There are 2 protein chains.
Amino acid sequence: MSLRAALLALISAGPSTGYDAAKRFGSSVGHLWHAPDSQIYPELRRMQADGLLDAEQVPWGKKQATKTQYTITDAGRRALAEWQRTPLDYAPERDQAHLLAAYFEWAPDDDEPRKRLTEHIAYFTEARESARRQIAGIDERNNPTLARRLETSAPEDHERIIAYKRFAYAGKIARAEAEIAWAQEGLRLLESLTNSSI
Amino acid sequence: MSLRAALLALISAGPSTGYDAAKRFGSSVGHLWHAPDSQIYPELRRMQADGLLDAEQVPWGKKQATKTQYTITDAGRRALAEWQRTPLDYAPERDQAHLLAAYFEWAPDDDEPRKRLTEHIAYFTEARESARRQIAGIDERNNPTLARRLETSAPEDHERIIAYKRFAYAGKIARAEAEIAWAQEGLRLLESLTNSSI
DNA sequence: CTCAATTAACTATGTCGATAGGTATTTGAG
DNA sequence: CTCAAATACCTATCGACATAGTTAATTGAG
């Protein structure tokens, strides 16, 4: 369901071919909901079958090749509103890093947990930077998908459209910072356990 | 891989039948890595086939019915250590709540985003309470799986075994608090956008 | 002009996980 | 003693997702 919503949100900004959608996905909505190409193509076809998208064959290249261009329909826009009206069903907890940490005593030595926590910090530091870049891209108006979206919407809505996207990425930053702080606490814990056993 | 690790961690505390494992799972390691029964039974069989567990048929009831009791092998313990030595591969970002928030402008009215954020706060408030209860259970030594684990391990290791589990749940609490703070910020944002458009 | 790299558009295959069953056995209430 | 509820132990099915391809057209370097 979320992939469908993410694609609707993407295509609501303007028509896309499958390839466009797959590529644009990665640099916009894909930061919040990842999907590989192999999921995007069939989902677009299903969405067209369900009436959420219109599909048009447009020529591609000099030979008789064509590509499929998708446009959001009114039903697609209604589906987006419906999505906003539906409570989320939260996925059950599945957190590798916390699971691993709960069983650090199985590590052959203290160095391994230290490495895992350091990797955790590196991963979420990069995630935080990525989110910050997204926010910078929003503020400087150089995100192409957002630019298309703003062109096709009323000027009085621009403020909130931007505010919501900033807010979503601010959440990613907050999450990343919580993970970094946790892992740093873990490094201190390892330190104190090492010292207490000398 | 994580399900396997979670089951090894569980069974390292003492032998379990499939049913035992499935039930105990939910009240211990399942708080960090959820899995339904339908995944646990076949995974136990695969782990036995791979030599990580020994399986013994023990009688069950008065008729000739039996149940399968699994015990961790040395290979299983080595697999746990190996798991601790392997860097995590982080799952690609997939966050329904943040995706939804990024497109709040599609909501039919301001009330729907407010509901979603309120639900988000409720969900993570419960998650935080659950993690706090786990920590309390650890501190008061009334978590049965932990109790078994401590019985079968050297007293000098008890401190760190407990510390790691507290640490893992502390991470869940930190995560939950970050989500709650984020959603509250969102409620304030909605408020300010409503006021600015009157 | 030709060939390698890039762009465009997908498909195949397998595993993970969610949902929803099903079938024995035991326990305890009346 | 018998019948319903609870306990114990699984299985089937399907969609989501990951990994790893394939095919065809276009562009640009030499």
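These figures come from a predicted structure and were not determined experimentally. Each chain gets a letter, A, B and so on, in the order its sequence line appears, and its residues count up from 1.
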Quick one: is [X] getting a side-chain N or O under 4.0 Å of the [N] phosphate, OP1 or OP2?
X: A:Arg94; N: D:dC17; result: no
X: A:Tyr19; N: C:dA9; result: no
X: B:Arg4; N: C:dC16; result: no
X: A:Arg45; N: C:dT11; result: yes
X: A:Thr17; N: C:dA9; result: yes

Strictly below 4.0 Å, N to O, side chains only: are [X] and [Y] in salt-bridge contact?
X: B:Glu151; Y: B:Arg148; result: no
X: B:Arg188; Y: B:Glu185; result: no
X: A:Arg175; Y: B:Glu177; result: no

* Asked: What's the closest nucleotide to the A:Ser38 side chain, out of C:dC10, C:dT11, C:dT19?
  -> C:dT11

Spacing between [X] atom [atom1] and [N] atom [atom2], to the nearest angstrom:
X: A:Ile40; N: D:dA18; atom1: CD1; atom2: C1'; answer: 13 Å
X: A:Lys23; N: C:dA8; atom1: NZ; atom2: C1'; answer: 9 Å
X: A:Glu43; N: C:dA9; atom1: CD; atom2: C1'; answer: 17 Å
X: B:Gln39; N: D:dC14; atom1: CD; atom2: P; answer: 18 Å
X: A:Glu93; N: C:dC16; atom1: CD; atom2: C1'; answer: 17 Å
X: A:Tyr41; N: D:dC17; atom1: OH; atom2: P; answer: 18 Å
X: B:Asp20; N: D:dT7; atom1: CG; atom2: P; answer: 14 Å
X: B:Gln96; N: D:dA16; atom1: CD; atom2: P; answer: 12 Å

* A:His34/A:Phe25 aromatic ring centres below 6.0 Å ->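 No; A:Phe25 has its ring centre 6.0 Å or more from that of A:His34.
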
* To do: Flag the pair A:Phe167 / B:Trp182 as yes when their ring centroid distance falls below 6.0 Å, and as no otherwise.
  =>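 Centroid distance A:Phe167-B:Trp182: below 6.0 Å, so yes.
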
* Could you check whether B:Pro92 gets within reach of a base, just the sugar-phosphate, or nothing at all, counting any heavy atom under 4.0 Å? => sugar-phosphate

* To do: By nearest nucleotide on DNA chain D, pick out whichever of B:Tyr70 and B:Asp89 is the more 5' one.
  => B:Tyr70

* Structure fact -> Comparing nearest nucleotides in DNA chain D, the 5'-proximal residue of the pair A:Asp37, A:Trp33 is A:Trp33

